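Just below is one structure, and these are the notes that go with it.
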2 protein chains.
Amino acid sequence: MPRGTKGFKRVTTVDSLGAAITESILSCSYVPGEWFREEEMAAEYGVSRHTLRAALAELVQQGLLHKEPFRGVFVPRLTETDTNDLYRARAVFELEAARVLAQRGTVGTAALDALALFENLKPESPWSRVVEADTAFHRALIDELGSPRLSTLYSNLLTEFKLCLLYSPIPNDYPVSVIAKHRALVESITRGDPEEAVARFRFHIEDSKRLLIARYATVTTTDNAKGYAGRSGAPSMPAPAG
Amino acid sequence: MPRGTKGFKRVTTVDSLGAAITESILSCSYVPGEWFREEEMAAEYGVSRHTLRAALAELVQQGLLHKEPFRGVFVPRLTETDTNDLYRARAVFELEAARVLAQRGTVGTAALDALALFENLKPESPWSRVVEADTAFHRALIDELGSPRLSTLYSNLLTEFKLCLLYSPIPNDYPVSVIAKHRALVESITRGDPEEAVARFRFHIEDSKRLLIARYATVTTTDNAKGYAGRSGAPSMPAPAG
DNA sequence: TCATGGTGATTGTTACACAATGTATCTTGA
DNA sequence: TCAAGATACATTGTGTAACAATCACCATGA
């Protein structure tokens, strides 16, 4: 095994464990508000508590999980405030991308590839796949800016945002309508007018936000049968808001 | 001790340790490229290796430290590429702040307070204090946007950026000239013209970047006597770039 | 000179134990 | 009946010790 191999990252247990848990969460294996018992979970994944805690700590910092000292780690219960803030923060990145890419007059190949994947998605694909395809397009736009730090920061936002989408009621026209909107965004960029592209992106973001929040309003409150109540009774779990 | 006290965060050893190490780093107690030996450092701070590793992992995620699997944790050696990227990413946040705050026509009290603190800084204040005062002003501008996530993300950028400033040659006119520039930024916002404010901010950012990089060019390479070489010899430590 | 393998040091991971804290239950008193 | 305090239990936070995995260095030999 060559020692100075460039770009080769040795995988540690913590890293692959973190990836596995992330995968689990983004596959809707858990319910908002659900509580992660360390011992139980460590046994499930066949690792020690220290390793599990290290992996969870990473996900907590990414915003994918919520932690309260001496109480535990929970799947976030994202509120309307969180959704608004996520859109608010995302807008800053996306509008920048719209501006810069419109000046270039192209969205880049990665975004087009992502859009193509989105379009080729089977109708029977699970909801998590749809969400993944949707966000991949937006991620590609930001990556096109060429800034590692902007990409990382945006990626964190997007991870958290996926939770919003994953746990929201699924609209039956979702793939079709969103694909059309994404195509329109691409078009607004290739047209080459930054001002107009920014305006269109701004509208798209506001529109998406409105639709998502409206969908949340259709259900009373997200059910969480497997929530913290499983601990022993049904303690009053204040909804952690970020 | 009341049990349901709102907003009260119980401090854990990991948290306070992380804060202490951050403080140490931002006080220039270490040298770029310096290597943190776990056992030694754990003994210094009087904690176990696990606790130290948890604290370091947090700082690594914030970009304040650099980690390589099975090799250890290092104080980052920020390159010109990193400096450019940090300014690139910061610009996205700062220009957004300029735009929004100019529409409001005010920078907010926190920014004014930060500026006042900067102006009252004693000439004999350590360099780290100057950097702190400088960045506090910018942080206040972003906080004024009222988005928790934007504040958090920008805060991470700023933490990393402080390293750039801390380890750069100190210009003798620093406090005076930068205070003047900050005042000009405030003025451009209170004037109430978003377009102009953005333009001025953009110029300020480009100007700062140019000056900082030029300063770096004056020294050959940052000396790091206490670097990784202390391990046993002087192994070829590839400069970790982010 | 260069590849090869050995050696010591350091990080990654585990197991176990205990302290600190949160939650629920029970007790007490008005 | 109900509020307030004491108690018990479960869980998280931290420490200690040990071992495995890996890295950097060094010696050997062709």
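Just so you know, these numbers come straight off a predicted model, no measurement behind them.
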Nucleotide [N], atom [atom2] - distance to [atom1] of [X] in whole Å:
X	N	atom1	atom2	answer
A/Met41	D/dT12	CE	C1'	15 Å
B/Phe70	D/dC19	CZ	C1'	14 Å
A/His66	D/dT12	NE2	C1'	15 Å
B/Glu68	C/dG12	CD	P	11 Å
B/Glu39	D/dT16	CD	P	12 Å
B/Lys67	D/dT22	NZ	P	15 Å
B/Asp15	D/dG13	CG	C1'	11 Å

#### Entry: Strand-adjacent residues in residues 51-64 of chain B, judged by heavy atoms under 4.0 Å from DNA chain C
B/Arg53

### Message
Main chain of B/Leu59, side chain of B/Gln62: is a donor-acceptor contact present, judged purely on distance under 3.5 Å?
### Response
no

### Query
Can you find a side-chain donor-acceptor pair between A/Thr12 and A/Asp15 that sits under 3.5 Å?
yes

### Query
Without hydrogens or angle criteria, can the side chains of A/Ser48 and A/Thr51 be said to hold a donor-acceptor pair below 3.5 Å?
yes

### Message
If you go through the side-chain atoms of A/Arg71, does one of them form a donor-acceptor pair with the base of D/dG13 closer than 3.5 Å?
### Response
no

### Query
Considering only heavy atoms and no angle criterion, is a donor-acceptor pair shorter than 3.5 Å present between the side chain of A/His50 and the base of D/dG15?
yes

Salt bridge flag under 4.0 Å for residues [X] and [Y]:
X	Y	value
A/Glu206	A/Lys209	yes
A/Asp82	B/Arg149	yes
B/Arg88	A/Glu96	yes

#### Entry: First encountered from the 5' end of DNA chain C, between A/Arg49 and A/Gly46
A/Gly46

#### Entry: Any residue meeting salt bridge (charged side-chain N to carboxylate O under 4.0 Å, His left out) with B/Glu39, in chain and number order, not counting sequence neighbours
none

### Query
Out of C/dA15, C/dT10, D/dT14, which has the shortest distance to the side chain of A/Ser48?
C/dA15

### Task
Please determine, for the side chain of A/Thr13, which listed nucleotide (C/dT13, D/dT16, D/dT12) has the closest atom?
C/dT13

### Message
Taking only side-chain N and O atoms of B/Trp35, does any of them lie within less than 4.0 angstrom of OP1 or OP2 on C/dA9?
### Response
no

